[in-house]
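Every chain is numbered from 1 and lettered A, B, ... according to where its sequence line falls, protein lines coming before strand lines.
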Amino acid sequence: MVAGLWICYWFPRLSIVYEIPDLYAIVLKSLKSIPQGKVTTYGEIGKALGDKISARAVGYIMATNRWPDIYPCYKVVGSDGNIGGYSLGTDLKKRKLRKEGIRIVSGHIENLEEIVVMSKDLKIPPVLESLQRLQQYLGEKVDLSNFYGEPRYVVSLDLGYINGPPDINIATACLFDLEENKVLSLAISVVPIFMPYIPTYLAFRELPAALLALEKILDVRYPDIIAVDGQGILHPRKFGIASHIGVITNIPSIGIAKSILVGKVIGDWKKYGELKYAPIDLRGEICGYVVSKGKHKIIVSPGHRTSVDGALKIALSLEWRNNENEPYVMRIPHIVSTHFRKYLRNLWRLIRDKQTDLTSFIS
DNA sequence: GCGACAG
DNA sequence: ATCTTGTCGC
Ligand SMILES: [Mg+2]
């Protein structure tokens with residue numbers, strides 16, 4: 001009997017989750033239609049998906065292909081003609097390509113333009129275009145006027161990953177009382193996901209697990225605001241994951257990230273107690289701020305029903321502990337997700353390897 | 001060739 | 001984001 005550890009889960013009620021494509025299946029299945037003697041590139045597949053920025057994610061899907069005999073990922077090479085990597089060895093990739101009559105000189109295909117299958121000829125629907133349109137459509141609903149009053153109850157959201165495939169998300173939603181500075185509730189979700197990380201499409205990777213945990217917390221209490229690990233409107237389409245969660249729940253939200261996706265810090269730092277902050281410009285508009293404490297920094301931007309200044313004001317009010325790299329309220333879901341991930345990983349290793357220690361592990 | 005790319 | 005031990009800095 002093969003060892004197993006199964007986590008049972010259900011989908012969030014919010015319907016966006018059903019629109020998220022299985023990029024692994026789409027890309028892997030498309031490889032079967034590449035004719036003998038032809039190849040394609042990571043970039044062409046990315047273009048066919050609807051955004052060339054996904055080229056590296058395509059590489060990740062190839063690298064983690066568990067069925068190389070069924071899905072011929074050796075037919076995908078670099079756009080400069082370099083044949084690229086192969087988990088079964090680069091030599092085998094060369095041999096498989098040569099067997100189809102493809103000429104390779106020092107790891108390089110000389111006549112790539114003659115044998116490459118272009119994006120329009122790949123059997124791949126432009127799913128990223130649809131997701132981008134969804135971001136633009138929902139982005140028009142973002143409200144940047146500030147909600148009324150001082151926030152007391154906040155839900156902070158963050159995730160950890162177990163690498164697959166399928167990758168698994170562990171999301172933690174933390175209901176936190178800013179007045180008493182204490183945790184009121186935690187909700188943890190474990191969800192397999194079929195979207196790789198693609199810059200500017202992060203939400204579609206993290207939304208299913210994040211919403212599942214968030215919905216459970218909303219059964220306890222609606223918070224004044226949701227603080228999401230990621231960007232709000234500091235996004236090419238002004239619709240990062242914090243805005244996305246804000247709009248589909250219609251709850252005020254802010255994004256708190258550790259680095260910038262787009263935009264530029266404008267000089268002109270100001271002091272606020274132990275903190276310093278400076279505005280971030282996106283296409284001539286101030287869309288967020290960098291807030292720093294010592295060597296650590298966070299990037300804050302409004303998500304929904306919050307103003308840029310309102311988001312800054314909240315960020316400046318959050319408590320940082322010791323020399324930690326982010327405010328305490330954001331650190332909790334991060335730590336909980338990480339611990340839960342390690343717990344699951346250790347439990348799995350135990351089931352797989354050393355049955356006899358199971359009782360002592362659990363106690 | 002270099003830089004840029006939330007998690 | 002994760003992998004992974006000891007090691008460096010405050
Ligand atoms: Mg995170």
Atom [atom1] of [X] to atom [atom2] of [N]: distance rounded to whole Å?
{"X": "I193(A)", "N": "dA1(C)", "atom1": "CD1", "atom2": "P", "result": "13 Å"}
{"X": "R341(A)", "N": "dT2(C)", "atom1": "CZ", "atom2": "C1'", "result": "6 Å"}
{"X": "H235(A)", "N": "dG7(B)", "atom1": "NE2", "atom2": "P", "result": "13 Å"}
{"X": "K258(A)", "N": "dA6(B)", "atom1": "NZ", "atom2": "C1'", "result": "9 Å"}

Could you go over nucleotides 1-4 of chain B and give all protein N or O partners under 3.5 Å, atom names and distances?
none

Would you write out the dot-bracket form of DNA chain B, 5' to 3', with Watson-Crick and G-U pairs under 3.5 Å, [ ] for crossing pairs, | for pairs to other strands and . for unpaired bases?
.......
What stem regions, each of at least 3 consecutive Watson-Crick or G-U pairs below 3.5 Å, can be found for DNA chain C?
none
Not counting sequence neighbours, list each pair that qualifies as a side chain to side chain donor-acceptor pair (under 3.5 Å) and has a residue in residues 213-229 of chain A.
D229(A)-K258(A)
Reckon [X] touches a base, only the sugar-phosphate, or nothing at all at heavy-atom distances under 4.0 Å?
{"X": "H334(A)", "value": "sugar-phosphate"}
{"X": "Y201(A)", "value": "base"}
{"X": "E206(A)", "value": "sugar-phosphate"}
{"X": "D167(A)", "value": "nothing"}

Under a 4.0 Å heavy-atom criterion, the protein footprint on nucleotides 4-10 of chain C, written with B, S and -, is -------
I'd like a table of donor-acceptor pairs (distance under 3.5 Å, sequence neighbours excluded) in which one partner is a side-chain atom from residues 244-255 of chain A, with atom names and distances.
unit_1	atom_1	unit_2	atom_2	d
T249(A)	OG1	I245(A)	O	2.7
T249(A)	OG1	G246(A)	O	3.4
T249(A)	OG1	I251(A)	N	3.4
N250(A)	OD1	H304(A)	NE2	3.3
S253(A)	OG	A242(A)	O	2.8
S253(A)	OG	H304(A)	N	3.1

